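Single-structure report; data block below.
No experiment lies behind these values; they were computed from the predicted model shown.
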Amino acid sequence: MNLVIDWGNTRVKAAFFEGEKLQHDYNFSEDEALSQLINLVDEYKPTHTILCTVANNPPELKMLLQEKSQLLILNSNTPLPILNAYHSPDSLGMDRIALAVGINAIEPDKNNVVVSIGTAVTYNFVHKNRIFRGGNITPGLQMRFKALHEYTDRLPLVSEQGELVLLGYDTDTSIRSGVIMGMVAEIDGMLNYYAEQYSDFNAVLTGGNAPLFVGKLKKQIFADSQLLLKGLNTILRHNAR
């Protein structure tokens, strides 16, 4: 049994795999993550664990995982089943490389772009010759809502939950429409740029806010909420061998 952990900026995701098959997956807040993971490790007794983190996590977590399993902490020096051609690998978020590994394992003979909509929106391109080439980073959904509120005197902080119409009829609906439909237009436009340059083109949508955009994009794109976890398991299996 393999345990994979993605310790993000706001949420912590974990999953248990047997071989390539995902058996159980979990989603925690940072406050509850450590205690929940302690219980899960005791219950499932994983033999191998991989930790991917873009934020600070409790030092007790590393001690626990090292004591209970063989621990791999994903970093820029971790051997990968693809080539990382990013010019500054030390500054590359390890979640992005895990997404690249994940999509390459699913669609190895295509040029792939993973659009991950979380705290930030990242576009991650993997060439069909198994090379991660980089991509793009733009503000995420909540970041855009907060920026409109915090950098102006009168605009309110609006939630993504609520009526979504093209023509906003008050300030709330105008902001919600501008942010969400603006992101839809951005994603469609970025994917068009990629499609113009690369053949055998495939796109996948993932990340915590991805469900909000499913069905709104013009580009044919499939969603996989577990892609990052699958990528982490692929990296773990690659190193365990």
Side-chain angles (χ1 to χ4, degrees), residues 1-80 90-102 105 114 116-122 124 139-143 145-146 157 159-161 205-212 223-240:
M1 186 79 78
N2 288 341
L3 168 61
V4 306
I5 302 172
D6 169 38
W7 197 288
N9 288 301
T10 57
R11 303 291 298 179
V12 177
K13 296 180 180 180
F16 290 89
F17 287 81
E18 285 187 359
E20 296 180 355
K21 186 176 181 180
L22 191 154
Q23 299 289 354
H24 313 281
D25 64 289
Y26 305 89
N27 193 325
F28 308 118
S29 68
E30 283 190 280
D31 293 337
E32 64 178 343
L34 180 60
S35 61
Q36 294 286 352
L37 287 170
I38 290 174
N39 294 332
L40 290 172
V41 167
D42 287 340
E43 179 178 357
Y44 292 111
K45 297 178 174 56
T47 56
H48 297 79
T49 302
I50 184 170
L51 173 63
C52 171
T53 178
V54 296
N56 293 326
N57 49 73
E60 303 95 316
L61 177 66
K62 181 179 177 181
M63 295 173 59
L64 166 73
L65 299 176
Q66 286 177 326
E67 178 184 349
K68 299 290 187 177
S69 66
Q70 294 186 36
L71 174 62
L72 174 65
I73 298 178
L74 183 59
N75 59 45
S76 58
N77 296 316
T78 302
L80 303 170
D90 290 338
S91 68
L92 175 64
M94 291 296 99
D95 56 330
R96 295 182 65 194
I97 199 65
L99 290 170
V101 169
V114 179
S116 178
I117 307 178
T119 303
V121 181
T122 64
N124 308 282
L141 189 67
Q142 299 302 327
M143 201 178 298
F145 282 126
K146 289 180 180 179
L157 179 60
S159 169
E160 71 274 14
Q161 302 298 325
L205 193 66
T206 192
N209 287 318
L212 187 62
D224 187 344
S225 62
Q226 310 295 357
L227 183 63
L228 194 152
L229 300 175
K230 294 174 184 176
L232 289 175
N233 185 56
T234 300
I235 295 171
L236 182 56
R237 285 166 52 81
H238 178 75
N239 282 270

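Across G207 and S116, no two heavy atoms sit closer than the pair CA-OG, 4.0 Å. When all heavy atoms of A98 and I235 are compared, the closest pair comes out as CA-CD1, 4.1 Å. Closest of all the heavy-atom pairs between F28 and E32 is CA-OE2, 3.5 Å. Looking at every heavy atom in both residues, A15 comes nearest to L229 through CB-CD1, 3.8 Å.
Annotation: the span from H238 atom NE2 to I50 atom CD1 amounts to 11.0 Å, rounded to 0.5 Å. Here the CG-CG distance, from L71 to L236, works out to 9.5 Å after rounding to the nearest 0.5 Å. Interatomic distance, L37 CG to I5 CD1, rounded to the nearest 0.5 Å: 5.0 Å. Rounded to the nearest 0.5 Å, atoms CE (M94) and CG (N75) are 7.0 Å apart. To the nearest 0.5 Å, the span separating SG on C52 from CZ on R96 amounts to 12.5 Å. Distance check: L228 CG to L99 CG gives 4.5 Å after rounding to the nearest 0.5 Å.
Looking at heavy atoms from C-beta onward, L65 lies in side-chain contact with L3 at the 4.5 angstrom threshold. Looking only at side-chain heavy atoms (C-beta outward), T78 and L72 come within less than 4.5 Å of each other. Residues W7 and P58 are in side-chain contact: their nearest non-hydrogen atoms beyond the backbone lie under 4.5 Å apart. Residues L157 and K146 meet the side-chain proximity criterion, which asks for heavy atoms closer than 4.5 Å. Residues I97 and L74 are in side-chain contact: their nearest non-hydrogen atoms beyond the backbone lie under 4.5 Å apart.
Contacts of E160 classified as salt bridge (charged side-chain N to carboxylate O under 4.0 Å, His left out), with partners at least two apart in sequence or in another chain: none. The side-chain hydrogen bond (donor to acceptor under 3.5 Å, both in side chains) search around D25 returns Q226, not counting sequence neighbours.
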Just do the side chain to side chain donor-acceptor pair (under 3.5 Å) check on N27 and R11 with the steps written out, would you? CA-CA 7 Å; N27 193 325; R11 303 291 298 179; 2.9 Å; yes
Apply the test side chain to side chain donor-acceptor pair (under 3.5 Å) to residues D224 and T206: give CA-CA distance (whole Å), side-chain angles for both, the deciding distance (0.1 Å), then the verdict. CA-CA 5 Å; D224 187 344; T206 192; 5.8 Å; no
Take L64 and I38 through the side chain to side chain contact (heavy atoms under 4.5 Å, CB included) test and state the conclusion after the steps. CA-CA 8 Å; L64 166 73; I38 290 174; 3.6 Å; yes
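When atom types are taken as modelled, the side chain of T234 and the backbone of G102 share no donor-acceptor pair closer than 3.5 angstrom. Side-chain atoms of N239 come within 3.5 Å of backbone atoms of P79 as a donor-acceptor pair (strictly under, hydrogens ignored). When atom types are taken as modelled, the side chain of N233 and the backbone of G19 share a donor-acceptor pair closer than 3.5 angstrom.
The aromatic rings of Y26 and F16 lie perpendicular to each other, with more than 60° between the two planes, well past the 30° mark.
Residue pairs that meet the side-chain hydrogen bond (donor to acceptor under 3.5 Å, both in side chains) test with at least one member in residues 62-71, sequence neighbours left out, are T49-S69.
Defined by atom type and a distance below 3.5 Å, a donor-acceptor pair is present between the side-chain atoms of T122 and N124.
The neighbour count for M63 CE, taken as heavy atoms of other residues, nucleotides or ligands under 6.0 Å away, does not exceed 12.
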